> 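Quick one: the structure is below, questions incoming.
All values derive from a computational prediction rather than experimental measurement. Quick note on labels: first sequence line is chain A, next is B, and so on, each numbered from 1.
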Amino acid sequence: MILQQIFNGLSLGMAYALIAVGYSLVFGILRLVNFSHGAVYAFGAHAVIFFIGYHFGLIPAILLGVLLTGALGVLIDRVALYPLRKKKSPGISSLITTIGISYIIQNLLMMGFGSEKKPFPKLFDNRIVHILGARISTMQIIMFVTSVILLAILTFLIKGTKIGLAMRAVEQNEKNAGLMGINTNFIIAFTFFLGGISAAIASVLISGYYEILYPTMGFMVGLKAFAAAVLGGIGVLHGAIVGGLVIGVSEGLAATWFGSQYRDSVAFIILIIVLIVRPAGLFGRKGIEKV
Amino acid sequence: MEKIRTGINRLTEGFSYLETNVYKYRIILYAGGLSLSMLLPVFGFSQYMTRIFIMIGIYTMLALGLNILTGYTGLVSLGHGGFFAIGAYTTAILMLRFQMNFLIAVMIAMVFTGICGLLLGLPTLRLTGTYLSIVTLGFGEIVRMVIMNFDTVTNGTLGIRNIPRPSFFGFELTLANHGLFYLMLVLLILVTYVCIGIQNSNMGRTLRAIKADELAAVMMGIRSSRYKVGAFVVSAVLTGLAGGYYASLVSYIDHNSFTFDVSIMILSIVILGGMGTIRGMFLGAAILVAFPEVARPLMEWRFVVYGLVLILMMRFKPQGLLGWRSRLPYKIPVLKRSQTYREEKEANRRGR
Amino acid sequence: MAYLEVNKISIRFGGLTAIDKFDFKVEKGQIVSIIGPNGAGKTTVFNILSGIYRAAEGEITFDGRNLKDKSPQEIVSLGMARTFQNIRLFYDMRVIENVLIGTHIRTGYRFLDGLFRTKRFHLEEGEKIRYAADLLKTVGLEKRIHDYADNLPYGEQRKLEIARAIATGARLLLLDEPAAGMNPQESEELRQFILQLKNQGYTILLIEHDMNVVMNLSDYIYVLDYGKKIAEGKPQEILENQQVVAAYLGEGEVE
Amino acid sequence: SSSNKKDSGNGPIKIAVAFPMTGDNAEYGKSFLLAAQIKVDEWNANGGVLGRNIELVNYDDKNSGEEAASIAQKIVSNPEIIGVLGHFSSGVSMVAAPTYEENKVIEISNTASHPDYSSIGKYIFRNNSVISSEFKVIEDIITNDLSLTKVGIVAIKTDWGTTAGAIAADMIKNNPGLELVAQEEVLEGSDDYSLAIAKLQEAGAEVVISVGMYSLIAPLAKQYKAVDPDIQVIGLSNAYAQQLIELGGEAVEGIIFPVSFYADSDEEAVKQFVTAYVEEFGSEPSALAAQAYDSIGILLEAVKQNGSLDKETLRDTLNSITYQGITGETKFDEIGDATKEYTKLIVKDGKFVRYNGKAAQ
Amino acid sequence: MSLLKVENLYTNYGRITALKGINLELQEGEIISLIGANGAGKSTLLASITGTVPVAKGKIIFDKKDITHHRPNDIVKLGISLSMEGRGVFPRLTVEENLLLGAYTRKNKSEITTTISEMYEMFPRLAQRRKQLAGTMSGGEQQMLAIARALMSKPRLLLLDEPSLGLAPNLVKIIFDMIKDINRKGISILLIEQNANMAMRISNRSYVLENGQVKLHGHSKELMNNKEVRKAYLGEIIDPAVSKKVIQSLASSNL
Ligand SMILES: Nc1ncnc2c1ncn2[C@@H]1O[C@H](COP(=O)(O)OP(=O)(O)OP(=O)(O)O)[C@@H](O)[C@H]1O
Ligand SMILES: Nc1ncnc2c1ncn2[C@@H]1O[C@H](COP(=O)(O)OP(=O)(O)OP(=O)(O)O)[C@@H](O)[C@H]1O
Ligand SMILES: [Mg+2]
Ligand SMILES: [Mg+2]
């Protein structure tokens, strides 16, 4: 039972982790709490459904949907956030802006698709595998593998490539990054593109797993993923994944010991406890400040 | 776009110009504004309108409370809905279960909310920035979960209803007799007074220094931890007061009255109005509370437009609508016949 | 016993020993300088003295009291205040407010006094404000009282930082490269200013690369290199010390 | 003061419709508004009521108590409005109800299910099934039709879900033939029920009562069947909606639940409503939409029988009439609750069909 | 041939006009020094040239190309590189990563590696600390890093904003020698210095800025003999009245 619940928690955590990676990415590069990420996530699944509705076939629809969501990320940046950066306005006004954006996306989705829960096509034939006496579905394994691959790609991109170095430079000081010859606008747009893409990939996988989608689907999951990203340490991608798993598993254990209705509170309680012990998250480093 | 920008800029510049020039008449202005709001009900507004005014008042109080934490101290809370809920539930439970008078119940609720503020503030002292924000967000959600699951006290998801209206010496305050409106006004004046008191004393100055540069503040001998926790407590207490009043106003509360959206709304008011200002909270609350009402005819576009409003305001006035720096000279009290006073006069005579 | 006595302090960052058994002392009313090449550990000494870092070993006695385990706030209230190598003002606040923050530890009234505007509040606040205004006048910032700190030119920001430290009531001031970024005339003015502080009884511990300032001001100089003391003495002795010339001053004439 | 104010005469009679039209639950608000409009159109085609046309005034409460409270103030300050159809959730309805009661405006909710809701006042009515009577039917299904004993409950954690879940638990505990093996509450906002399912399965549940709308029961059934293909799921009447089958697909095959409204019924009145509704909305009406349709019907019938718009007598008439609608015969009791009759439905081959017990299948 | 030409340049910060019609010309292969008091607008001029603040009016021509409203990254690509005031290192990147960023516009990896080792040769301290996070370096170490990073792009025009700030005296000499060396290799240099003496000594021509305008310009040798320049910027003649005033105001205060 406990083991089963841990596995259930792990797969739940995988969903958080998938979304959290995108959060952490944008967050890590732009120091921006992107509250629109949950809405962008919902947009991803809806975009795919839209293309399926126009008989594009599943795979092309997914590709198109994912790209469109990436483009949405870029659009959000260009239209709403770029002007704020140009004015060097305080970070908190960007936060409010992203909240405004999520209102807009969510309500437009509702107007276009209706607010009800709708079926999303099954992506894979879901088979059950038994490991150590616990059940795992193939879909859960696929989600796990995808997140790890996504993580590996993004980590390599950021740590091992020139554009990644540029991204980190932009994070620390946009003006000076420009003086190094870095096209900062492009780098930031690219980051948002990646953020959008990763949100869309997450939403396709998760919607495919639960076979369900609706405009507000990103809200609670988004908050949890945000918590996971912070739990792991802001901007630390592998931290985001571990954070997601920690939250998922603790929800599983909470449901076993106390009942499903305590799930959410336990996730946040764990978050608070971890942060009290490690103020910069599990893998985050305390910001250095040379006096 | 350009027009909107210049429009908004001109408007706020106008305001700040007014500030410098109308300063002399401020007493008259305050008195005028106050008596105008006292007279509001006499103009025969419907209960619907009265209600909106009251909601603006409540959100102004909430924003003033959060402003202490976010505006002055720079700690961004995404969970003030939690304190709001604690204030409301405590008041409601005390009034219903123990037949307490509104005032006593609210005061106990304020103390209790303050303790919760302390309990949240203390362990999170080492956290900064986003880490702190996510913890407050978690706090807000945990409060909701406690409300939902702690049935014996909070009545769970069923919520608490039939919360009595405040009454004094057997006189019940309602919307119809405008009692609730005046009570709101009194509470709002009280809260504003407290905020002005904090702003203009050592506490306010210290909080702003912590916001500007905590390390430098510590190097000036400021015990920043104490002040940060203090800000948490004061902020929670004021929010608790608003919660208590709210419970008694709507007479039905449940966990859905205090969602994340409420926390966001309070924060939006603070930022839209202008962090660290008192005037801004009034304007911010008026705009964001009234907007959904005014925009009712837009139907389903309403919240799309609401989102747009937030974005545009931030884009053109990121420091908030009334968030300018005061251009008035700093007030320096003068002691007659003191040496400095004489010196100053002399300097003036010589013409600098 | 000297006013400030530092006994064999050391600190390490990872594998790097940034300060290695450094000891020095400052007598009351003196101007003492610490000089040394870049990265020698001078600022780190200040960070240890002011309580930001904790020395791994060694002892510090200030005004007869041991500073071990004292918090930065306690150290300030004992009478030691500092400025920063990179200026750290409260930029969003007015010049006078910056100084008022300096007076914070000498505030006697309570939160409730402020809330209810008691007589005590009015008296004390009035006194503090006038004190701040006077202080600003003496450092030559009287025209800037109402300005916001970030609108000040560099040199005036330096002065304001010193004024803010003085306002804490400290008698020992730690100044970290106050003349950096100043032109010769400005640094000469600064030199005069520091001298004046000395004459008023302040004790000053100074880090500075401007030899014009250091050599003309210091009563005594310590030279650090790689965290170790390589020389100490009166200015003239330091100028003639071959080790110092090699490691720090460089051959040729001194500016 | 306005209770005796005479309405000015020949303009249309107005009825307010107050539901979430935006936000998470907009789908419900929109469908109720449509159902109500169909009923009003029928009446208007027959000359209206009391010789006057009928008009719906639509308000969006976003399913928020705060919005509902201010809408209620707005509604009562409009003397032309004789009654309100709304609000959606019990919590929201109960914030608004005192205002209606104070101003003697009739409120009928087709959805609110909080036990205390209708007792808030004399002008407050509910045209929704009373849950305890629904559970009688469910008890019958489990014991007599299915002959199962080990029952699990999954309830959505809302005011309605908590109350209904508790009633279900009572029902099982009071029946010596049944055993309650586990009861789990799940939160809104997550589509993953694996944690609750694992507990129910561990406890050995044979039949699971899902206390929630189609949006709970469809994914629940899907996830449950993945781990235990033999599980029997039972729903409540408000899960009856076309989306249940769209969303649940094969997984909802065999789900049984009681309903007071059946869209494929042969009754002429039902057919007429369903045709009109499908034409506009594109999908079949849910039980709740049917109750919205009937609620307007009862109110208009009461106006007609009362012969005037006098608020007090109108309320009394409403309390005394028996109305034959598409959700069966409806009569309000003293506190304002409606009693209903139920038939059983089962999902079979992607369709809702009548269920007559295991033997009959 | 003139490499850089600034014509009638105006730049504003909000309401403050920081540059009021600057005219300046730099020939290929020249060193030009720019001197002036704090707040004269020197840094603003460099910011305008590199495109980090928007130009209000006027023209900037680099190598016959109008770059007035170009973005910073495009300007860097053309061969202008800036070592900025306040160092501007990326604090949470390592020393080596900072250097790599300096070479962001260059493609050839092996050449970049060669340049990096050249830099390490020039500043051994950086070589010792290649993996240290730049933000934890001492002030002077960061200054070395900033200069090295600016050289990494192999610019045609190097803009140096107070390169000697916070450097130890021996290093100051090294830096100035280095500037001459770099120049000999064909890189033109625009140098801002508070240490006007040194700056004018190594530069061909100098511009004196005051209040956002060019007050004087000419060959450095001639300017150094200009009485006013000597008085105001070279710190040779200290106005006795000034120091007296300071002393008096301090004496009269009751600190
Ligand atoms: N937090 C830290 N982590 C790692 N190394 C550090 C840290 N702080 C200082 N250092 C190192 O310790 C040494 C001493 O630094 P410090 O700032 O004290 O030098 P300094 O003498 O003030 O030099 P400068 O004259 O350049 O300001 C430097 O080499 C620096 O890189
Ligand atoms: N970001 C800014 N916002 C507003 N005003 C500014 C800003 N930066 C500089 N200024 C103002 O512009 C003027 C010129 O400043 P600048 O930094 O160019 O001077 P500088 O000659 O480089 O001085 P320093 O020797 O101190 O570096 C000054 O009056 C300064 O106050
Ligand atoms: Mg230093
Ligand atoms: Mg400069």
> Which residues in residues 107-119 of chain E have a heavy atom less than 4.5 Å from any heavy atom of chain A?
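No residue falls under the 4.5 Å cut-off.
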> Within the structure provided, determine whether E:S83 and E:L159 are in side-chain contact (heavy-atom separation under 4.5 Å).
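When only atoms from C-beta onward are counted, E:L159 and E:S83 do not touch, as no gap falls below 4.5 Å.
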> Does A:F144 have more than 12 heavy atoms from other residues, nucleotides or ligands lying within 6.0 Å of its CZ?
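Atom CZ in A:F144 is not crowded, with 12 or fewer foreign heavy atoms closer than 6.0 Å.
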> Closest heavy-atom contact between E:N98 and E:A134?
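Minimum heavy-atom contact is ND2-CB, 3.4 Å.
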> Out of A:V236, A:N34, A:L32, A:V230, which residue meets the side-chain contact (heavy atoms from CB on, under 4.5 Å) rule with A:F27?
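The residue from A:V236, A:N34, A:L32, A:V230 that satisfies side-chain contact (heavy atoms from CB on, under 4.5 Å) with A:F27 turns out to be A:V230.
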> Let me know if E:L82 has heavy atoms under 4.5 Å from chain A in its side chain, its backbone, both or neither.
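Only the side chain of E:L82 comes within 4.5 Å of chain A.
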> Answer with side chain, backbone, both or neither: which region of E:T52 has an atom nearer than 4.5 Å to a non-hydrogen atom of chain A?
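For E:T52, side-chain heavy atoms alone lie under 4.5 Å from chain A.
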> Highest number of heavy-atom pairs under 4.5 Å with chain A: which of E:M152, E:K77, E:M84?
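Of E:M152, E:K77, E:M84, E:M84 has the most heavy-atom pairs under 4.5 Å with chain A.
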> Under 4.0 Å between a Lys/Arg side-chain N and an Asp/Glu carboxylate O for E:R184 and E:D181?
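Salt bridge present between E:R184 and E:D181.
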> Okay, side chain of A:N176, backbone of E:G88: is any donor-acceptor separation there less than 3.5 Å?
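It does hold such a pair.
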> Flag the one option from E:V89, E:I80, E:L93 with the top tally of heavy-atom pairs under 4.5 Å to chain A.
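If we count pairs closer than 4.5 Å to chain A, E:L93 comes out on top.
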> Test the E:K20-E:Y10 pair against the cation-pi criterion, namely NZ or CZ under 6.0 angstrom from the six-membered ring centroid and within 45° of the ring axis.
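No - E:K20 does not lie over the ring of E:Y10 by the 6.0 Å and 45° rule.
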> For E:D161 and E:K42, run salt bridge (Lys or Arg N to Asp or Glu O under 4.0 Å): C-alpha distance rounded to whole Å, both residues' side-chain angles, the deciding distance at 0.1 Å, then the answer.
CA-CA 8 Å; E:D161 199 343; E:K42 306 180 295 292; over 6 Å; no
